[in-house]
Amino acid sequence: MTETAASSSQGRPSPETKQPKRNVFARIVLFVRQVIGELRKVVTPTRGQWLNYTAVVLVFVVIMMLIVTGLDFVFFSAAKWVFVGTPTQ
């Protein structure tokens, strides 16, 4: 497996050890190898985790919809009161 910057324990290279600059194609190949190496570390969630994540997202969206609806009603009522006024009888 290729060594990535995150998994390297050597730290930053010192200025004395200048490495020759690679050509464009070598850098692209290195990038693709590092991407593949990182993708191999990805773990697919189980069915239970998927259901849990979906439920959390849906509950969050419903709560945000209620908050936005409430704020919309409050601001609409305030704007109506300011610009239209109270109805006279």
**Prompt:** So if you build clusters from Ile, Leu, Val, Met, Phe, Trp, Tyr with side-chain heavy-atom gaps below 4.5 Å, do V43 and V35 land together?
**Reply:** no

**Q49 side chain to T46 backbone, donor-acceptor under 3.5 Å** = yes

Which pairs of donor and acceptor atoms, one on a side chain in residues 56-81, lie under 3.5 Å apart (sequence neighbours left out)?
| residue | atom | partner | partner atom | Å |
| --- | --- | --- | --- | --- |
| T69 | OG1 | M65 | O | 2.7 |
| S77 | OG | F73 | O | 2.9 |

**Item:** Partner of I36 by side chain to side chain contact (heavy atoms under 4.5 Å, CB included), out of Q34, R33, E38, R40
**Value:**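 For I36, the side chain to side chain contact (heavy atoms under 4.5 Å, CB included) test succeeds with only one of Q34, R33, E38, R40, which is R40.
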
